[in-house]
Amino acid sequence: MKATIYHPSQFLHENEIYDTGKKCPLCNKNATAKQSVFIQKDPEIVHLECQNCHGFYSSKITYKEVFEYRKR
């Protein structure tokens, strides 16, 4: 039997993320979002559920350059 594989998480800093805005990125509507799960505390990033399309997305996302830099 295999154990769960360890996956190290990466903390994102305030200068590495930006707010996704008031519109749902999935349905592009100004719908109210309901908080679902905390991803990170400081700076705060949470999963949100769109009350229009019921899709899930993050309150803040990182820049593409951050992923490219951290791959090295």
Side-chain angles (χ1 to χ4, degrees):
M1 179 187 297
K2 276 189 162 184
T4 305
I5 297 172
Y6 173 73
H7 186 295
S9 60
Q10 293 187 3
F11 180 81
L12 295 169
H13 301 281
E14 192 68 47
N15 64 339
E16 297 176 322
I17 58 176
Y18 62 94
D19 196 344
T20 55
K22 301 292 181 195
K23 286 187 177 185
C24 171
L26 304 170
C27 68
N28 206 28
K29 303 274 187 195
N30 281 329
T32 56
K34 183 173 79 174
Q35 281 191 4
S36 172
V37 176
F38 274 94
I39 299 172
Q40 179 176 304
K41 272 190 170 181
D42 186 27
E44 185 178 283
I45 304 173
V46 295
H47 269 157
L48 301 172
E49 180 183 1
C50 175
Q51 297 301 291
N52 182 56
C53 71
H54 301 285
F56 290 93
Y57 59 97
S58 294
S59 61
K60 296 179 183 174
I61 57 176
T62 189
Y63 298 98
K64 180 180 176 184
E65 295 79 21
V66 173
F67 283 122
E68 291 171 355
Y69 175 76
R70 290 187 176 193
K71 280 183 189 176
R72 296 183 208 166

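- Inter-residue side-chain proximity for Lys29 and Lys23 is flagged as unmet; no heavy-atom pair is nearer than 4.5 Å.
- Contacts of Thr62 classified as side-chain contact (heavy atoms from CB on, under 4.5 Å), with partners at least two apart in sequence or in another chain: Leu12, Glu16, Ile17, Val66, Phe67.
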side-chain contact (heavy atoms from CB on, under 4.5 Å) between Gln51 and Glu49: does it pass, once the steps are laid out? CA-CA 6 Å; Gln51 297 301 291; Glu49 180 183 1; 4.1 Å; yes

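- No path of Ile, Leu, Val, Met, Phe, Trp and Tyr side chains, each step under 4.5 Å between heavy atoms, connects Val46 with Tyr18, placing them in separate hydrophobic clusters.
- For Tyr57, the side-chain contact (heavy atoms from CB on, under 4.5 Å) criterion is met by Thr20, Cys24, Pro25, Ala33, Leu48, Cys50, not counting sequence neighbours.
- Taking every heavy atom of both residues into account, Ser58 and Ile45 meet most closely at CB-CG2, 4.5 Å.
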Residues Phe38, Glu44; criterion side-chain contact (heavy atoms from CB on, under 4.5 Å); working and verdict: CA-CA 8 Å; Phe38 274 94; Glu44 185 178 283; 3.5 Å; yes

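- Residues His13 and Pro43 share a closest heavy-atom pair of C-CG, 4.2 Å.
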